[in-house]
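Only this structure's heavy atoms are used, side chains among them; waters, hydrogens and symmetry mates stay out. In what follows, every chain begins at residue 1, and chains take the letters A, B, ... in the order their sequences are listed.
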Amino acid sequence: MSEQVGRRLKTIRQSKGLSQTEMQKALGASSIQEVEDLEAGLRELTEEQFDVALEILNVSFEEFANPYMLVGEERFSWRRSEPAAHELDAFENTAKEWIGAYRELGVQLGEEPSRTLPGTGLHIDSSTADAKAASEAIAHELRLGSVPADRLAEAIQRDFGVLVIPVDAIPGISGAACTLPHLNVALINRNESEGRRNFDLAHELFHLLTWNTMPPARIDGECERSDETRSRADELEKIERLADAFAASLLMPTAVLRKTEPPESIREMPKWLADTSATLKVSRQALKWRLVDLHMGPAGLRDLEFGRKSGIQMHDRAEKPAPFGTVFISRIGEGIARGYISNRRAAALLNIDLDQMGAIFDANSVERPSMLSGRLLNAA
Amino acid sequence: MSKSSPLREMPILVDTNLIIHAHKTGCWRKLSGAYRLETVRKCVEETQTGFWNRALANRIVEAELKARVRVHDVSEKQQRIIVLKGGGGLHEGERHLWAHLVEREKPWRMCGPDGASLRFGCELGHKHELVSMEKLLIEINEKPPKNMEYHYGEGWHCDMTLSHTLQTI
């Protein structure tokens with residue numbers, strides 16, 4: 001039996017909270033060793049055992065058959081403003097398959113699992129000052145420099161093994177953090193403004209770093225059940241405040257802002273904010289509140305409004321990141337090249353036409369697998 | 001024309017990729033006229049899906065396709081076997097094709113130019129049943145068309161099957 005099937009069996013069993021002993025009894029296996037051998041792909045499930053396994057695991061054939069679909073070992077936390085629950089559920093299922101494919105192909109390709117994330121020392125009783133201090137430590141560890149937004153995505157992928165996936169999310173979704181055994185993921189809506197994307201990424205990083213001590217809600221700040229207590233609701237709100245404080249401090253470090261010179265006149269602030277936020281690749285709003293937090297800037301800054309009245313037109317000229325990102329697409333490409341996923345299966349996974357597959361690789365500056373190269377047999 | 005080519009004496013199972021590319025390159029009629037081509041219903045369905053922004057001339061008419069190719073159905077039981085053998089990286093048509101083939105008595109050949117499908121076939125021990133589109137054309141003394149893509153050729157096919165065979169040792 002393939003190792004893939006064994007992995008699938010083990011993953012689903014663990015996610016359902018079943019022991020190997022329970023599986024042994026259900027399958028009529030002679031020993032726990034037989035179950036271990038099945039899960040290692042050393043022994044083949046009979047068709048009868050497969051039927052029993054589906055029943056005891058309470059999964060459909062289709063769910064079992066898709067090795068890329070996560071089955072409950074993951075935790076998501078979404079930043080959303082609009083979409084209805086059923087729209088979010090559907091999008092989450094799509095994201096689960098992307099993440100599951102990345103993980104499964106990684107195992108097949110023999111890639112190293114993700115590194116353990118560094119600790120931050122933060123917990124629910126931490127203050128926003130603690131969160132900001134932690135962010136400055138992280139920024140130092142990642143060597144983010146004077147424009148942290150520039151290097152954040154690359155640095156957390158390189159040094160923390162966090163997978164960052166820019167996606168075409170449904171409207172109203174800014175992003176999500178997803179944690180599962182041996183993999184941490186940040187999904188970012190590539191269609192949002194640059195400043196918003198960067199802030200979301202820093203915010204999701206906070207959740208990934210602190211999940212063990214401060215697990216966020218599935219939807220930022222919202223209780224999942226109506227019977228959850230007020231104290232739990234307060235806790236979730238606090239987690240989001242800490243996340244925002246962390247993100248602001250990470251992207252706009254105190255030392256960097258102290259070197260800037262906000263004008264003394266409130267009338268000059270809109271333009272200064274526009275220019276400086278563009279340099280730091282954050283939103284004007286985020287920069288304004290960060291200055292207020294640091295007691296920098298002229299009097300009246302807190303009450304400064306943006307919009308048509310400011311007379312400053314903001315245009316997000318930054319290019320959108322390529323869909324899915326280089327790291328994710330590289331893995332898909334390697335999987336195609338080594339025969340672990342077919343072209344058509346990969347196209348279906350990415351929800352694009354097969355004809356568009358080559359363009360996805362080009363957009364991410366990843367070499368196309370040979371089947372997508374367009375090379376002709378009789379090319380000169 | 002190689003009238004005695006053994007390939008002409010046995011069924012050749014073809015996947016969606018082959019069907020579409022043969023139509024695109026204009027050699028479908030020659031191949032389907034010279035060989036006993038067969039496929040599975042899911043592959044026929046896939047040739048009809050609107051994924052493809054194909055020019056009108058390249059669209060495949062289902063009735064004509066079925067008139068030139070024998071089409072097999074695949075049971076859920078057969079599909080389960082493929083799942084148990086680790087076909088999770090294949091798309092539906094590829095899985096259905098292999099689901100049909102694993103219970104098919106030899107001789108047969110399969111032409112499905114995709115790396116994952118070839119790998120799966122090699123892992124099941126069917127390396128010698130896999131054949132490239134270029135070989136099918138050469139056997140009937142047809143020159144590969146100018147717009148035929150490299151991975152439908154014999155060179156790519158041999159490289160891939162050798163690589164997969166070595167990895168399964």
What part of B/Ile82 lies closer than 4.5 angstrom to a heavy atom of chain A: side chain, backbone, both or neither? neither
Report the distance from atom CZ of A/Arg8 to atom CG of B/Leu84, rounding to the nearest 0.5 Å. 13.0 Å
For A/Lys10, does the NZ atom have more than 12 heavy-atom neighbours from other residues, nucleotides or ligands under 6.0 Å away? no
Could you give the distance from CG (A/Leu377) to NZ (B/Lys143), rounded to the nearest 0.5 Å? 11.0 Å
Nearest-0.5 Å distance, CD1 of residue B/Ile81 to CD of residue A/Glu47: 4.5 Å
Pairwise side-chain contact, A/Arg344 with B/Thr16, heavy-atom cut-off 4.5 Å (strictly under): yes
Keeping A/Asn66 on the side-chain end and B/Gly88 on the backbone end, is there a donor-acceptor pair under 3.5 Å? no
Answer yes or no: does atom NZ of B/Lys135 have more than 12 heavy-atom neighbours from other residues, nucleotides or ligands under 6.0 Å? no
Applying a criterion of heavy atom separation less than 4.5 Å, what residues of residues 357-372 of chain A form contacts with chain B? A/Ser370, A/Met371
pair B/Tyr150-A/Asn378: side-chain heavy atoms closer than 4.5 Å: no
Checking heavy-atom separations under 4.5 Å from chain B, one finds in residues 51-64 of chain A A/Asp51, A/Leu54, A/Phe61, A/Phe64
Going from OG on A/Ser342 to CG on B/Leu90, what distance comes out if it is rounded to the nearest 0.5 angstrom? 6.0 Å
Contact origin within A/Ala337 toward chain B - heavy atom pairs under 4.5 Å: backbone
Is the number of heavy atoms from other residues, nucleotides or ligands within 6.0 Å of CG (A/Asn351) greater than 12? no
Identify, with sequence neighbours excluded, every residue that meets salt bridge (Lys or Arg N to Asp or Glu O under 4.0 Å) alongside A/Glu34. A/Arg43
For residues 92-108 of chain B, give me every residue with a non-hydrogen atom less than 4.5 Å from any non-hydrogen atom of chain A. B/Glu94
So, for A/Val5 and B/Val83, which heavy atoms are closest and what is the spacing to 0.1 Å? CG2-O, 3.1 Å
Nearest non-hydrogen partners of A/Leu376 and B/Asn147, listed with the distance: CD2-O, 3.7 Å
Can you tell me how far apart NE2 (B/His151) and CG (A/Asn343) are? Round to the nearest 0.5 Å. 6.5 Å
Counting only N and O atoms by type, is there a donor-acceptor contact under 3.5 Å from the side chain of A/Arg375 to the main-chain atoms of B/Glu149? no
